[in-house]
Every structure is written in C-alpha cells, then in structure tokens.
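I have placed the structure first, in the form of structure tokens, so that the comments after it can refer back to it.
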2 protein chains.
Amino acid sequence: MPAATPLTARRARTRQRLLDAALDVFAEEGFGRTTVERVCERAGFTRGAFYSNFTSLDELFLAMWEQRSTAMVDDVRAALAGVADGSPDDALRAALAAIPVDDAWYRVTAEFTAHALRNPALRRVMAARERSIQDAVLPVIVAALARTGRRVTDEAALGHALVAVHDGTTVQVLLEPDDATARIRREALFMNVLHAYSTPITADDR
Amino acid sequence: MPAATPLTARRARTRQRLLDAALDVFAEEGFGRTTVERVCERAGFTRGAFYSNFTSLDELFLAMWEQRSTAMVDDVRAALAGVADGSPDDALRAALAAIPVDDAWYRVTAEFTAHALRNPALRRVMAARERSIQDAVLPVIVAALARTGRRVTDEAALGHALVAVHDGTTVQVLLEPDDATARIRREALFMNVLHAYSTPITADDR
DNA sequence: CGTATTGGATACGTTCGTGTATCGAACGTT
DNA sequence: AACGTTCGATACACGAACGTATCCAATACG
C-alpha cells in the first residue's frame, strides 16, 4: 500500500488519456480559455476522473508540456543524428527541413511562453527547456557540421541562433499554409546561420 | 446628426482610455483570461461605458492591436531611418539594438498570433501586418546597407529573415532579463543575417 | 439659458465553470 | 469466488462574467 499514489495500470491509462486530451484542447481553445470540463469530455471522462488524478489545470498542463517537450527534443535530435556521414551540405539541409512544424504544438508553446514571462517559477521551466534543447541538439549539429568539413566557432551563440530562427520561422510557415516559399526561406536561413557560425577546416588548420 | 457614431470629443476620450487599459490588462491577464469587467475597472469605467463604445471584447482587442501595431512599426522605421550617412557597420548595429524589446507587447502579440492561427480572418490580419512591416522597414534597411557599401541580394528573403530573427530573439532576451549576453547575441545575429543577404559593392560592379 | 440627446452607471437574470462530497462499480488479491 | 480498496460518476452549492434594460447626468445645440 504505497502512501502517495498507487499508480496502478488503470490509473496510468486514464492519466495518459487526460494528458493527450489536454494537448488537443489547449491547442484548440487556447491557454486561457481551456476548462477542466472540456478536457474531460474530450478524454471521455467526467470531472471526477480529473480531480482524482490532478489537483489543478495548471498541474495537468505542466505534466503534458514536459512530456511532449522532451519527446519533441528527442525527435529533433534523432532527425539530426541521421545525417551521419552522408553528402555535405544537402544532407544537413534536408535534416533541418525535416524538423516538424506542428501547428498545435506551436500554439501551445507560444501561449505558454507568454504566460511564463509573468511567473518566475515558470520562467525557470522555460529556461531549463532552452538549456536541454541546447544540450541535446548542439552536439549533433557540431558533429554533422564536422562531417561536412566545418568547425563551429561559438557553440553557445550558434545554439541560441538556431533556436531563435526555428521559433521565428515556424510562425511564418504556419501563417502561410499554402506558400512553399516560406519553408524554403526557412531552410535557407538555417543554412546561412550554420555557415555564419562556423568556418571551413583547411589542411593548414592547427 | 450622423447616422452611425457621432464620435464626439468625449466619446473619443473614453474610447482611448479603454484602448490603453486593454493593452495593460491583456498583457497582465493573458489573452484568454481577459474580461470586459477588468478592462473597464482599469480604465475607470463600468461595463456600461464599454458596451456603448464596442460590441465585443474581440472588437476592442483588434482596435487596440491595430493602433499599437502601426505605432510600433513607425517607431522601428524611425529608429532605422536615423542611421543616415553615419559610420559603416556600427551605426547600423546600434540602430538595430535600439529596437525596443517590450515585454507587454510581446506577450500580447505572441498570444494573438497563436489565436490567429485558428481563425482565417485573423490570420489574414497577421499576414497583412507582416507585409506592412516589410514595406515599411525594408526600404530603410536597404538604404542603410547601401550607405555602408553593401547591396541586398534578395530583399524578400532578407525581410522575412529579419522578422524571424527579431521575433525569435525577443523571447530569449525577455526570458533572461538580467543576462546581457542575450542582447549581444541578438545584435550579432542581426548583423550576421544582414551580411548573409547582401554583398559588398566593389568598384568593378556592373 | 433651457432643452434634447448622448454617454455612462446601476440593477437584473442567466449561463458556465469550479471544487467538494458522496456513491456505485470495476479491479486485483488471496 | 468473495471482499476490501480504489477509481471515476453524479449531485450540489457557489462564484464569476456576460449582456440587456433602464435610469440619471453631462454635453451640445438652438
């Protein structure tokens, strides 16, 4: 008889269904307009189920966000790791182009970020995520660049630049759903930034 | 006796007070959690005043947003126009660094953008703003670059890249309030992008 | 200076979401 | 197979925000 939460299989299932529903509803209704009731009905439960699994909507959101956030980082990391020892620039460009542009996830993240700016504790959560993105993605980028014969000059600066470009261009792509130009410009900007923050390794280096 | 809205001086004053209050409250409470009541009490009115000036909270928000948005664009344009015929790179860099990073405005815009992705009409509003930014800012940038001896290769691409970098780095600066590094990185990235999308004009050009 | 009109305040009924307290049913353990 | 435990449903009381309908006061106009 565990003291806090037994966490049986059944419990885990409904918890996950609530988490999944949360992403959908938060994306559809918006961060501030989301209610406990709608999340529950989306998950096929009543509020009773919710209150026996979470204590507040904030708690549910945070749990959902952490889960999805780490999953996203893993996805990106995997996509970039796949570059391996292929052809030079094009493989890298293709890998960057494969980074998913997810409508629902963007909305949730953007609104949560805005919200986090009001709350020191949440701001720390966002800062931590930024760090974990850097930690997970940068090594892979550096390695991929090395395979194309380039050495990164300032890793931290490159990391932040890539995140900024990613975030900034994601909106543009989403706002122009049927304009392929946006995606192309995005990829080009990614490559330009990679280029700006690295130098070719020549034979006489070092 | 005008048919629609007489728009007397008194009316205009309370309208403006409501618009000003709207920015504050939307920034503080968030897009979804903002209520008519709070906006009114912030402006020093009751709901009666509101409903005799606007028909819905959405209408108030849009009016406020258009007003502020064009004001912001004008500010940026003015800041960049000031580069005039000064010293080369540094003046441009200083001008870019002077672009305001406004906490409240960022929150409002970010949340509104997320919301606009759900509504075709609003999405068009955002797209129009993007265009007006390009139209207002690009010529000034191109001119400033020309004074430093550089010619822009792809104006549209540069415009979108600058907006993306602006948006992406603004969050980073706001999330790290007391870290000067973020601002410096921001400026550096701006300059790198300007550099990537332009070439030096040499004597043998053309 | 007086009167008509407009702008904003007050009062009201309604809807919607919340959180708690209670109850019934599915689970798994021996 | 029976029984105790846990999970989720149902019922309830409360509060918040909305939008309208009505009323009083400030303003503009003759």
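Protein chains get the first letters and strands the later ones, always in sequence-line order, with residue 1 at the start of each. Side chains included, hydrogens not; waters and symmetry mates left out as well; all remaining heavy atoms used.
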Is [X] touching bases, backbone alone, or none of the nucleic acid, heavy atoms closer than 4.0 Å?
X     : result
B:R13 : nothing
A:F45 : sugar-phosphate
A:T46 : base
A:F50 : nothing

Below the 4.0 Å mark, does [N] have OP1 or OP2 next to a side-chain nitrogen or oxygen of [X]?
X     : N      : value
A:N53 : D:dC7  : no
B:R10 : D:dT27 : no
A:T35 : C:dC16 : no
B:R33 : D:dA17 : no
A:T14 : D:dG8  : yes

Query - Identified salt bridge (charged side-chain N to carboxylate O under 4.0 Å, His left out) counterpart of B:E28 within the set B:R42, B:R38, B:R33 - result: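 That would be B:R42.
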Please state how far atom [atom1] in [X] lies from atom [atom2] in [N], giving the value in whole angstrom units.
X     : N      : atom1 : atom2 : value
B:Y51 : D:dG19 : OH    : C1'   : 5 Å
B:F54 : D:dC18 : CZ    : P     : 15 Å
B:R47 : C:dG7  : CZ    : P     : 19 Å
A:R17 : D:dC7  : CZ    : C1'   : 13 Å
B:E37 : D:dA16 : CD    : C1'   : 8 Å
A:L57 : C:dC16 : CG    : P     : 19 Å
B:D58 : D:dG19 : CG    : C1'   : 15 Å
B:E29 : D:dA16 : CD    : P     : 14 Å

Query - Closest nucleotide among C:dA9, C:dG7, D:dG8 to the B:S52 side chain - result: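 Taking heavy atoms from C-beta onward, the closest nucleotide is C:dG7.
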Query raised in the report: The side chain of B:V36 lies closest to which of these nucleotides: D:dC18, C:dG7, C:dG17?
Result: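 For B:V36, the side-chain atoms sit closest to D:dC18.
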Query raised in the report: Would you say the side chains of B:D58 and B:S56 form a donor-acceptor pair under 3.5 Å?
Result: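 Note: B:D58 and B:S56 side chains miss the donor-acceptor criterion.
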Query - Minimum side-chain heavy-atom gap B:R186-A:H160 below 4.5 Å - result: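 No, too far: nothing below the 4.5 Å cut-off.
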Query raised in the report: Would you say the side chain of A:W65 lies within less than 4.5 Å of the side chain of A:F112, judging by non-hydrogen atoms?
Result: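 With C-beta onward as the side chain, the pair touches.
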Query raised in the report: Want to settle it: does B:T34 or A:A49 sit nearer the 5' end of DNA chain D, counting the closest nucleotide to each?
Result: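 Nearer the 5' end of the strand: A:A49.
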Report task. Using the six-membered ring wherever Trp is involved, compare the ring planes of B:F26 and B:F61 and label them parallel, tilted or perpendicular (cut-offs 30° and 60°). Result ->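 Answer is perpendicular, since the angle exceeds 60°.
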